[in-house]
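These notes are about the structure you will find just below.
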Amino acid sequence: MGLKRGNVRSEEFEWISNRDLVDSAHLLMGQIDLDPASSAFANEYVGAKNYYTPKEDGLNEEKWFGNVYLFPPSQSYFWHKKSQRWKTTRGLSPTLTSGHALWWTALKRKWLSGEIEQGLYFSNFIDMTMYCQDIFDHPVCIMKSRPTLIRHYYADDRVMSRNTGCSLVVYLQPRNNIEEATQEFVDLYSEKGRIIV
């Protein structure tokens with residue numbers, strides 16, 4: 001059964017980074033040790049050494065490490081008091097939070113604590129520039145064109161290429177190599193858009 005165009009809910013598919021974004025991430029960091037918001041299908045494209053699926057719940061449960069590439073899921077989340085964890089929702093809640101903002105906060109917290117070596121964050125949710133202005137404490141690339149991403153439908157394993165909205169990449173550099181790593185980010189990403197350092 002096909003899915004009607006225009007009536008597709010976000011939980012019926014996953015967005016996957018395109019080859020250009022993934023190759024650039026590998027070049028910048030040397031390798032991707034962990035993609036904490038992924039799937040077995042998505043990792044065929046991303047090529048991370050380790051990844052967490054929704055079942056493993058990388059946001060709430062799992063330890064992060066090494067070089068992390070993060071393209072967060074687009075769902076909204078709310079804080080579930082009983083289980084003391086963030087859960088996805090389509091409803092309303094006083095604690096309703098953008099998934100992109102929530103995952104960014106987790107990535108930055110794990111970088112600040114030294115749990116991860118470095119992190120590369122990709123978002124196709126431009127409102128991140130309003131919700132999480134601390135992204136500008138780090139090197140950012142505001143992409144000059146709308147990336148073509150991969151959309152994988154769960155129901156029938158269909159794969160389509162789709163343009164997304166205005167997007168950005170944020171880099172959390174290794175602390176022992178900040179200047180050189182920042183320059184590497186500038187060199188790799190300046191052709192993709194405006195760099196803010």
Side-chain angles (χ1 to χ4, degrees), residues 9-18 21-22 25 29 31-138 140 147 149-154 164-165 167-174:
R9 295 192 307 262
S10 61
E11 60 266 31
E12 294 177 345
F13 63 86
E14 62 180 333
W15 284 112
I16 302 171
S17 303
N18 65 27
L21 290 166
V22 168
M29 298 192 290
Q31 65 186 28
I32 298 172
D33 295 313
L34 177 67
D35 181 345
S38 192
S39 69
F41 189 92
N43 200 54
E44 292 176 18
Y45 293 84
V46 176
K49 289 188 166 186
N50 302 275
Y51 62 91
Y52 298 141
T53 69
K55 184 178 179 182
E56 280 99 39
D57 191 7
L59 181 62
N60 293 299
E61 293 292 325
E62 300 292 343
K63 183 171 175 56
W64 296 18
F65 51 87
N67 303 330
V68 174
Y69 177 75
L70 176 58
F71 175 19
S74 58
Q75 293 97 336
S76 294
Y77 288 75
F78 77 102
W79 181 251
H80 188 257
K81 286 184 181 179
K82 189 173 182 181
S83 63
Q84 291 291 294
R85 69 182 57 231
W86 290 100
K87 290 189 170 183
T88 58
T89 181
R90 294 184 70 218
L92 298 174
S93 163
T95 61
L96 196 64
T97 302
S98 155
H100 282 248
L102 184 61
W103 283 89
W104 160 254
T105 302
L107 177 68
K108 184 168 180 177
R109 185 177 66 248
K110 289 169 186 294
W111 177 76
L112 285 170
S113 72
E115 189 174 331
I116 67 171
E117 176 71 17
Q118 58 185 322
L120 196 66
Y121 173 87
F122 170 74
S123 176
N124 60 345
F125 184 56
I126 198 60
D127 284 1
M128 280 293 296
T129 59
M130 297 186 298
Y131 298 152
C132 296
Q133 293 198 329
D134 63 329
I135 62 173
F136 296 111
D137 296 339
H138 309 280
V140 177
L149 301 179
I150 300 153
R151 190 188 268 190
H152 170 232
Y153 292 90
Y154 299 121
T164 188
S167 301
L168 54 88
V169 179
V170 186
Y171 183 39
L172 303 175
Q173 319 96 310

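This structure is a prediction, so every number in the text was calculated from the model and none was measured.
- Under a 3.5 Å cut-off, the side chain of Tyr121 and the backbone N or O of His100 do form a donor-acceptor pair.
- Distance check: Leu168 CG to Ile126 CD1 gives 5.0 Å after rounding to the nearest 0.5 Å.
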| Does the side-chain contact (heavy atoms from CB on, under 4.5 Å) test come out yes or no for Tyr131 and Trp104, once each step is laid out? | CA-CA 10 Å; Tyr131 298 152; Trp104 160 254; over 6 Å; no
| said: Apply side-chain contact (heavy atoms from CB on, under 4.5 Å) to residues Lys110 and Val68 and explain how you reach the verdict. | reply: CA-CA 10 Å; Lys110 289 169 186 294; Val68 174; over 6 Å; no
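- Taking all atoms of both residues into account, the shortest heavy-atom contact from Lys108 to Asp137 is NZ-OD2, 3.8 Å.
- Evaluated for a side chain to side chain contact (heavy atoms under 4.5 Å, CB included) with Phe122, the options Val169, Val170, Leu70 yield exactly one hit, Val169.
- Relative orientation of the Phe41 and Tyr45 rings is tilted, given thresholds of 30° and 60° on the angle between their planes.
- Under the side chain to side chain contact (heavy atoms under 4.5 Å, CB included) criterion, Pro174 pairs with Glu117, Gln118, Tyr171, Asn176, Asn177, Ala181, not counting sequence neighbours.
- Side-chain atoms of Asn124 do not come within 3.5 Å of backbone N or O of Gly165 as any donor-acceptor pair.
- Residues meeting the side chain to side chain contact (heavy atoms under 4.5 Å, CB included) test with Leu59, sequence neighbours left out: Asp57, Tyr77, Trp86, Leu102, Trp103, Ala106.
- A side-chain donor-acceptor contact under 3.5 Å links Trp64 to the backbone of Gly58.
- Residue pairs satisfying the salt bridge (Lys or Arg N to Asp or Glu O under 4.0 Å) criterion with at least one member in residues 42-52, sequence neighbours excluded, are absent.
- At least one donor-acceptor pair under 3.5 Å links the side chain of Gln133 to the backbone N or O of Thr129.
- Contact record, Thr53 with Ser39: CG2-CA, 4.0 Å, taken as the closest heavy-atom pair.
- The structure places CG of Leu34 at 11.0 Å from NZ of Lys63, a figure rounded to the nearest 0.5 Å.
- Note that CG of Leu172 and CE of Met29 are 10.0 Å apart. Values are rounded to the nearest 0.5 Å.
- A distance of 6.5 Å separates CG of Leu120 from OH of Tyr69, quoted to the nearest 0.5 Å.
- Atom-to-atom distance recorded for Phe71:CZ and Leu21:CG is 8.5 Å, nearest 0.5 angstrom.
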| Stepwise side-chain contact (heavy atoms from CB on, under 4.5 Å) test for Ile32 and Asn67 | CA-CA 5 Å; Ile32 298 172; Asn67 303 330; 5.7 Å; no
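- From Cys132, atom SG reaches atom CG of Leu107 across 11.0 Å, with rounding to the nearest 0.5 Å.
- Considering every non-hydrogen atom in both Gln173 and Trp111, the closest pair reads O-NE1, 2.9 Å.
- Of all the heavy atoms in Met128 and Ser123, the pair that sits closest is CG-OG, 3.6 Å.
- The main-chain N or O of Val46 is never found under 3.5 Å from a side-chain atom of Asn43 such that the two would form a donor-acceptor pair.
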| request: Would you sort out whether Trp15 and Arg151 count as a side-chain contact (heavy atoms from CB on, under 4.5 Å), showing the intermediate values? | output: CA-CA 5 Å; Trp15 284 112; Arg151 190 188 268 190; 3.4 Å; yes
